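Structure first, commentary second.
Just so we're clear, the structure is a prediction, and the values are computed from it rather than from any experiment. In the text below, chain A, chain B and the rest are named by the order of the sequence lines, each starting its count at 1.
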Number of protein chains: 2
Amino acid sequence: MVTLAEVARHAGVSASTVSYVLSGKRSISTTTRQRVEESIRKLGYHPNAGARALASSKSNIIALMIPLRTDMYVPVMMEIAIAVAAGARTHGYDILLLTGEEGPDAVRRVTGSGLADAMILMDVELDDERLPLLRGTDQPSVLIGLPADTEGLTCVDLDFRATGALCVEHLAELGHRDIAVIGEAAAVYERHTGFAERTLDGLRTRARELGLRLLHRPCDGGYDAMAVTLARVFDERPGTTGFVVQNEAAVEPLLALLRQQGRAVPEDVSVVAVCPDQVATQASVRLTSVAVPAQEMGRRAVEHLVAKLEGRGSDEVVLLAPELTVRASSGPAPARP
Amino acid sequence: MVTLAEVARHAGVSASTVSYVLSGKRSISTTTRQRVEESIRKLGYHPNAGARALASSKSNIIALMIPLRTDMYVPVMMEIAIAVAAGARTHGYDILLLTGEEGPDAVRRVTGSGLADAMILMDVELDDERLPLLRGTDQPSVLIGLPADTEGLTCVDLDFRATGALCVEHLAELGHRDIAVIGEAAAVYERHTGFAERTLDGLRTRARELGLRLLHRPCDGGYDAMAVTLARVFDERPGTTGFVVQNEAAVEPLLALLRQQGRAVPEDVSVVAVCPDQVATQASVRLTSVAVPAQEMGRRAVEHLVAKLEGRGSDEVVLLAPELTVRASSGPAPARP
DNA sequence: ATAGGGCGTCGAAGCGCTTCGACTGCTTTC
DNA sequence: GAAAGCAGTCGAAGCGCTTCGACGCCCTAT
């Protein structure tokens, strides 16, 4: 293991000079710098992370807390995580992966031990028990998701309320009056995950404003669950012609079941999904959808966090504006009898 | 930030005593231990990770290198990652998330800087450029996947060759003679990802032994790609009655297209999938499948790595035996005309 | 000429922890 | 009854780096 001291000896300078070459915190003559850089390359030197962390009280690590649950659409999480990791690297940070399992203890452990300089939390609940801890520390953090009280916090999220509104508007414009919402699994609502409730709120509010009828049903995803849910929907509201789906695991089952029942999409029934673009374009019908911009969210979270770490930036709630892309699954409502 | 020295003062002992209480590396009297533990709790002490790493040359961190590509089934990766993270925690390790993007440089960086004590590599290619680096260091590592040359490496993977054989055997027993294999995206084969090629090898070898005809076609996944692929298959081998699918993104499209073409599953055509159980049970037809035991693989990888870190355990290739679960998508081949 | 000020470099003091050797009282052992 | 061993504790020496103050040098402004 090559140390800074060895590099210094090899280059014929003092250790501090090497350190300043590395950090750029003091000016170094061109000749010296080149000599040092040469030595570093020749010896294959890598600064020791622990020593660095100890001396500078900075680890250059960002902790990412990712939910462990599997009742939520995993690819989105994965995409965010990868975007976060890639983004962090461009700023010289590495990612420490924490699973939600440990809960608040993980926050304590990480902030207490100086393992990480900052954290990003995913899958934040409306009244998340990790939040008081975050407020009580001076370690920067960014949430992906939106809790009920954002005081003193920085959050990045899709504007799900606007997303809900947008879906309703689109269907309303096409003349649909009776809309069914196929939501996430019931458990998601039960633990008060913000995005699900906010979408619903946006849907309901706009539906009321536009005078539409709205029926919301959570759904576990998969064919069997979807079949049951769909039967109930048509039972209760036979005139339903518009669907909003916010549950990737229910998208394909829904399309298949509609087909099976002889309801054509989009001629008889329109479907708008809230899902990543990839899902929308790979489905059996190219879906009109509002994209969940996972990459963008990950990227933005890192940017804000780095800004905070560098002393720039402040607490802020960033809501990304939803964009609805019209594809083949939505069209004018059928003429009513 | 509470330090070890403060705890020592508070408890009226020396710093080294506190350290030994924490590590258990020397015997401590019960009364002293309790006093120290009390102080630790009262002061809310957390050992500083950097200092620890520096003094002990151990970071208690395992690096996990995860592919960045999105042309492979992501949930499996995610599931492995989460299993690894959870498993690592039970042994006192944290996970550092590296994306494949950096390639071999990441390996150099991590081993050189002492950021992590060990690594787990996912998505290993047959002739992976990271392997020489791993062999050239004394840092323990485990691969999830199987390269061409496993000399000096520890690998954990599903036995994909046996998996392929198993699928063929199942279809053969049911009387199918003409089998089509819907594989991963062409890019996966082009970069010589081991699991894809080994599955194919298993399929081909067993098919030859049993005298079956086998047609392999890579497929990008999604409806359009699947439609093209399927058309070609039936064009070339109209008598195909058995399908093996190793591409989760192609499963549902395949089922939908078969249905659309009036081919009933499993009456006219049998389908065997290689995919996580969740996909198999949530598909529109409950699929006969060989499960990809993602969790198990993650868990095993950690176990082996920890064993190595503790001086137990040695280089070894662990191939998990595949298990085929018969569900509703496979049945006797139709009587031939 | 001389004070002032950058610039470039060095030495030394930590950062908070682990770990080795040494020491003190005991208890065992023959 | 002396030698040996052990449990329990302490002090001190680092681990490899950052960073502060100091110093010498040369250039500029007075």
Closest listed nucleotide, where the reference is the side chain of [X] and the choices are [options]:
X        : options                   : answer
Ala55(B) : dT19(C), dT19(D), dC15(D) : dC15(D)
Ile28(B) : dT9(D), dT9(C), dT19(D)   : dT9(D)
Asn48(B) : dG11(C), dG16(C), dT9(D)  : dG16(C)

For [N], take OP1 and OP2 only and decide whether either is under 4.0 Å from a side-chain N or O of [X].
X        : N       : answer
Arg52(A) : dT18(D) : yes
Thr3(B)  : dG16(C) : no
Tyr20(A) : dC7(C)  : no

Take a 6.0 Å sphere around CD of Glu151(A) and say whether it holds more than 12 heavy atoms from other residues, nucleotides or ligands. no

Any carboxylate oxygen within less than 4.0 angstrom of a Lys/Arg side-chain nitrogen, looking at Arg35(A) and Glu38(A)? no

Just to be sure I understand the rule, does Ser19(B) reach a base, reach only the sugar-phosphate, or reach nothing, if contact means heavy atoms closer than 4.0 Å? base

Just to be sure I understand the rule, does Ser23(A) reach a base, reach only the sugar-phosphate, or reach nothing, if contact means heavy atoms closer than 4.0 Å? nothing

Which comes earlier along DNA chain D counting from the 5' end, the contact point of Met1(A) or that of Ser27(B), where each point is its nearest nucleotide? Ser27(B)

Donor + acceptor pair across side chains of Thr32(A), Ser29(A) (<3.5 Å): yes

5'-most contact on DNA chain C: Leu54(B) or Lys58(B), nearest heavy atom basis? Leu54(B)

Would you mind reporting whether Ile120(B) and Val84(B) have side-chain heavy atoms less than 4.5 Å apart? yes

